[in-house]
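For reference, the structure discussed in these notes is given below.
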Amino acid sequence: MLKSKTFVKKTRSGGIMKIVREHYLRDDIWCGSEVCTECKQEESVLQKDACIESNLCSFPHYLLPDTNVVLSQVRYCGIMSNVNQCMVVLFCSRETYIEREQGESANDRNDRAIRISTKWYSDHLNNKGLKVVLLTNDRGNKEKAEEAGLLTYRCKKQHTSVTSNHILLNEITSSKVLFSEHLPLSRIQSGIKSGTFQQGTFRASRDNYLEATVFVHGEGDDSTEVLIQGLQNLNRAVHQDLVAVEILPLNQWVAPSSVVLQDEGPKEDDVTEEEEAELKSGPSGVASRKPTGRVVGIIKRNWRPFCGMLFLSQIKEATRHLFTPADRRIPRIRIETRQAATLAGQRIMVAIDGWPKHSRYPNGHFVRSLGSAGDKETETEVLLLEHDVPHQDFSQAVLSFLPKMPWNITEEDMAVREDLRNLTVCSVDPPGCTDIDDALHCRDLPNGNQEVGVHIADVSHFIRPGNAMDLEAANRGTTVYLTGRRIDMVPELLSSNLCSLRSSVERLAFSCIWEINDKAEIVQTRFTKSVINSKASLTYAEAQMRIDDANMNDDTTKSLRGLNRLAKILKKRRIEKGALTLSSPEVRFHIDSETHDPIDLQTKELKETNSMVEEFMLLANISVAQKIYDEFSECALLRKHPAPPPSNYDILNKAAKSKDLVIHTDSAKALADSLDAAQVDGFPYFNTLLRILATRCMMQAVYFCSGMDSDFHHYGLASPIYTHFTSPIRRYSDIIVHRLLAVAIGADSTYPDLMDKHKQSALCNNLNYRHKMAQYAQRASVAFHTQLFFKSRGILNEEGFILFVRKNAIIVLIPKFGLEGTVFFENKDKPSPKLIFNEEVPSLTVEGHSFNMFDKVKVTISLDASNVQHQKIRMSLVEPVISGVSVAPSEPEAKRAKLDR
């Protein structure tokens with residue numbers, strides 16, 4: 001059938017041209033469906049059992065996308081070009097052709113044509129048990145289609161309803177741009193140079209996945225933290241990326257959010273209004289606002305393989321799944337794999353490949369499996385990998401530099417060392433310690449003074465500069481102590497044998513020896529390489545019993561009593577100078593010898609002997625620091641503790657104010673005096689809580705090279721200079737300090753890298769990083785074993801104190817276990833109580849009951865294993881009793897309460 005349209009057009013020369021447009025409408029175009037018996041089709045491409053499993057369409061159906069959907073979903077084109085993908089295209093059919101009406105736009109005409117085509121297809125297949133679904137994102141087109149009785153859905157709604165691994169699900173992607181384009185490096189560099197942009201390290205929040213800070217390094221103390229809030233402003237940056245940020249105008253600065261907000265699961269590719277509302281719920285006062293910005297570009301990615309778990313798509317036979325990293329600061333990652341069923345329940349490693357601007361999550365690929373989730377070996381491997389702890393076996397190249405066994409001290413060794421084997425030397429350490437770094441002695445001198453010696457394992461004798469063992473130790477930086485496992489910095493032959501200052505064996509040492517008067521004043525200091533023979537390897541408890549037992553008067557006990565007396569004087573003097581006595585709850589596990597599971601958990605009890613050893617280690621470190629700085633002012637490896645900025649103390653001041661106390665933070669001395677004076681009648685644990693809070697206000701102590709810095713002060717110890725000398729078996733910093741001291745006293749020769757301040761500074765950066773990661777790994781190990789401990793104990797009832805107050809939760813410390821947990825007052829499964837948060841106090845009022853910092857509460861403690869990836873200790877409020885909020889105590893306590901009545 002031929003349809004034609006004729007019109008005239010005026011040419012440039014003024015003439016008239018007749019134009020005829022012809023449409024050849026065919027009536028022999030077949031519908032392409034297997035169920036059709038009317039069309040004379042050569043080959044059917046639309047199957048009769050066309051049932052894409054969907055929450056919207058549970059019946060057999062065909063999809064008919066409108067023109068705009070096809071254009072926006074570019075990948076449709078690739079599918080449509082291949083008839084094997086079960087698609088057919090209608091061209092100029094007599095039944096579906098329409099003329100454009102007067103005043104009708106071309107787009108409206110096309111929409112109407114689509115509706116006509118859908119109507120024709122629906123009618124054509126109506127009695128065949130098949131329906132036709134029109135896909136459109138045009139609201140007007142959808143409304144008119146529904147008025148015409150057509151089955152119509154938005155493209156995205158239909159897409160997300162699919163529950164089988166259909167070709168459309170794998171091919172259609174969101175065309176909505178979620179993020180702004182990252183600026184090219186040239187624009188970033190010019191922006192940084194002009195001051196338009198700032199560069200810094202992106203640090204994602206553990207507590208709020210829509211918030212981060214960028215630490216912008218300045219000159220000297222001129223460093224700032226820029227707050228980033230909201231998915232668009234985070235702009236695809238990943239934790240530890242080096243980014244460029246643009247500071248927003250002052251009227252757009254905000255305060256950090258006060259809520260705990262975690263990414264609970266797969267989301268659409270945009271942020272919900274509820275999430276944005278949560279972000280805006282922080283304190284609104286001008287004083288609380290921080291410099292706020294947005295990420296405009298990535299200078300350097302810090303992507304690495306991430307550990308975590310694969311959460312399988314609910315779509316049958318799907319190949320695309322979301323991987324959830326173990327580290328909450330890392331976003332979920334989309335990966336494609338056909339072995340998802342095998343990987344379910346496994347800890348795996350995944351690497352990021354890229355992050356498109358239209359995707360909520362980055363794309364990545366599977367790297368390798370680590371083992372079953374929850375298995376002790378697997379979980380330990382995960383925490384070591386996640387904290388970048390080198391833990392592979394020592395290579396043969398490293399082991400080749402170990403001394404040949406049997407090893408003995410030679411005459412050559414004795415010739416260049418002081419023989420101190422006759423001294424009554426002993427070591428005092430935690431139970432089970434095999435890598436004994438230090439030992440002490442104390443004896444009376446004829447002039448009435450006392451000689452005190454700190455003897456440190458001479459590790460640098462065995463590890464020579466530049467060899468494979470030295471390079472490996474420098475890379476590892478520190479020994480990492482996990483619960484029930486130790487990751488050595490040096491091979492075990494050295495750490496637990498040849499370097500360890502065990503009793504009744506001769507060992508090489510580096511000794512710091514003082515002559516001290518009766519007032520614990522240093523008369524003279526000397527350093528020497530030595531040979532010692534320890535007379536006893538004691539635990540802190542054993543040493544304490546010797547000191548306290550009046551019936552014991554052997555040489556070792558007398559030495560311990562002398563050390564203890566002097567240590568008390570030294571500590572008193574340090575505190576008078578402003579040294580801080582802080583607090584941090586530490587726990588000790590009792591491990592079953594067969595299963596290696598924790599069978600008991602209790603806070604560590606510190607004795608006088610802990611303080612005794614600490615005082616002389618501090619004294620040795622200070623004495624050595626001064627010596628190596630005097631000799632090598634440009635390349636001494638030192639350790640400093642910066643003073644916290646005043647804003648760090650805000651939470652401490654608010655906590656003290658809530659009890660009508662004032663904490664002075666002008667100096668370490670002022671802080672120490674304030675903490676000493678901070679007492680509340682009838683609340684003996686208050687001072688400990690305040691010291692725990694003060695600890696959280698502190699900055700991190702760091703290693704540095706003396707030639708690269710001018711501020712040497714150690715704030716916490718109130719010492720003008722400090723270093724680490726006393727633990728070379730477990731800290732590489734101490735090995736370098738030993739080498740510097742050996743050169744200073746003529747006991748060893750130097751080498752170029754030791755005197756190069758730039759290389760020393762680079763080494764310090766690695767040591768600071770390794771030390772920080774080791775601390776985090778140790779905490780993660782304690783957290784995992786705490787979960788194992790509570791796993792077999794059901795629900796326990798314990799008293800605790802509120803450490804922090806949040807907008808929707810309180811964070812509670814349980815002194816008995818040294819355990820912190822969060823009590824949430826919002827539950828998705830039931831209506832939320834009325835919450836009023838006061839940032840200034842801070843306090844949280846729940847259904848009329850006010851919670852303040854340090855308030856005493858009773859909670860239930862249990863293991864929440866509902867999320868295998870992130871098992872956690874769950875706490876629920878028991879007392880005070882708040883209707884609809886509090887829970888009943890666990891069964892054993894409930895029975896006891898009944899008996900008491």
Side-chain angles (χ1 to χ4, degrees), residues 198-208 211-229 245 247-248 250 253-258 282-283 285-293 577-584 638-658 661-675 678 690-704 708-720 722 764-765 768-769 771-772 775 803-805 839-842 853:
Q198 306 288 326
Q199 75 171 27
T201 304
F202 183 88
R203 295 173 178 171
S205 168
R206 290 181 187 272
D207 298 324
N208 191 327
E211 188 169 271
T213 55
V214 173
F215 186 75
V216 178
H217 299 276
E219 294 184 8
D221 295 330
D222 188 22
S223 298
T224 58
E225 279 194 348
V226 179
L227 181 66
I228 314 291
Q229 277 193 356
V245 294
I247 308 295
L248 298 175
L250 188 63
W253 288 15
V254 295
S257 180
S258 303
V286 174
S288 302
R289 295 177 186 173
K290 307 289 183 186
T292 307
K577 289 181 179 178
L580 296 174
T581 304
L582 301 177
S583 182
S584 181
L638 302 175
R639 187 166 176 83
K640 69 174 182 176
H641 182 212
S647 60
N648 277 30
Y649 290 120
D650 287 350
I651 191 68
L652 181 66
N653 290 326
K654 287 177 180 179
K657 187 178 178 181
S658 70
L661 296 171
V662 176
I663 299 294
H664 298 286
T665 58
D666 304 338
S667 65
K669 171 66 173 167
L671 175 60
D673 290 344
S674 294
L675 290 174
L690 207 61
R691 291 181 191 276
I692 290 172
L693 203 58
T695 305
R696 311 289 173 91
C697 301
M698 294 297 115
M699 304 290 284
Q700 183 77 39
V702 292
Y703 297 109
F704 69 102
M708 303 292 283
D709 207 328
S710 57
D711 178 17
F712 295 5
H713 189 73
H714 196 292
Y715 180 82
L717 297 174
S719 176
Y722 192 68
C764 288
N765 290 338
N768 290 329
Y769 171 72
H771 180 72
K772 180 174 66 175
Q775 285 184 319
L803 263 188
F804 300 102
V805 178
E839 168 72 12
E840 296 305 315
V841 176
M853 294 176 67

**Asked** Heavy atoms, side chains only, cut-off 4.5 Å: are Leu580 and Tyr715 in contact?
**Response** yes
| Side chain of Glu211, backbone of Leu227: donor and acceptor closer than 3.5 Å? | no
When rounded to the nearest 0.5 Å, the distance separating CG of Leu690 from CD1 of Ile663 is 4.5 Å
Backbone of His664 reached by a side-chain donor or acceptor of Ser674 within 3.5 Å
yes
The reported gap from OH in Tyr649 to SG in Cys697 (rounded to nearest 0.5 angstrom) is 6.5 Å
Take Gln198 and Ile247 through the side-chain contact (heavy atoms from CB on, under 4.5 Å) test and state the conclusion after the steps.
CA-CA 8 Å; Gln198 306 288 326; Ile247 308 295; 4.2 Å; yes
- Task: Would you please test Leu671 and Leu652 for side-chain contact (heavy atoms from CB on, under 4.5 Å) and show each step?
- Result: CA-CA 11 Å; Leu671 175 60; Leu652 181 66; 4.0 Å; yes
request  = List the steps, then state whether side-chain contact (heavy atoms from CB on, under 4.5 Å) holds for Val805 with Val841.
outcome  = CA-CA 10 Å; Val805 178; Val841 176; over 6 Å; no
Output for pair (Gln229 CD, Ser205 OG), nearest 0.5 Å, gives 10.0 Å
Separation between CD1 (Ile228) and NZ (Lys290), nearest 0.5 Å, reads 14.5 Å
Under the criterion side-chain contact (heavy atoms from CB on, under 4.5 Å), I'd like the reasoning laid out for Ile651 against Arg696: C-alpha separation, chi angles, the key distance, then a yes or no. CA-CA 10 Å; Ile651 191 68; Arg696 311 289 173 91; over 6 Å; no
Correct closest heavy-atom pair for Ala579 and Ala672 would be O-CB, 3.8 Å
For Asp709 and Phe704, the nearest pair of non-hydrogen atoms, with its separation, is CB-CD1, 3.6 Å
Answer whether the closest heavy-atom distance between the side chains of Phe804 and Leu693 falls below 4.5 Å.
yes
Rounded to the nearest 0.5 angstrom, the CG-OH distance for Asn765 and Tyr703 is 13.0 Å
Margin query: I want to check something: taking the side chain as every heavy atom from C-beta on, are Asn648 and Met699 in contact at a cut-off of under 4.5 Å?
Written below: yes
Closest non-hydrogen atoms of Gly578 and Ala718, given as atom of the first, atom of the second and distance, are C-CB, 3.6 Å
One should read off an interatomic distance between Leu717 CG and His641 NE2, to the nearest 0.5 angstrom, of 8.5 Å
- Does the pair Lys654/Asp650 count as a salt bridge with the N-to-O cut at 4.0 Å? no
Across all chains, not counting sequence neighbours, the ring-ring contact (aromatic ring centres under 6.0 Å, His included) partners of Tyr722 are His714, His724
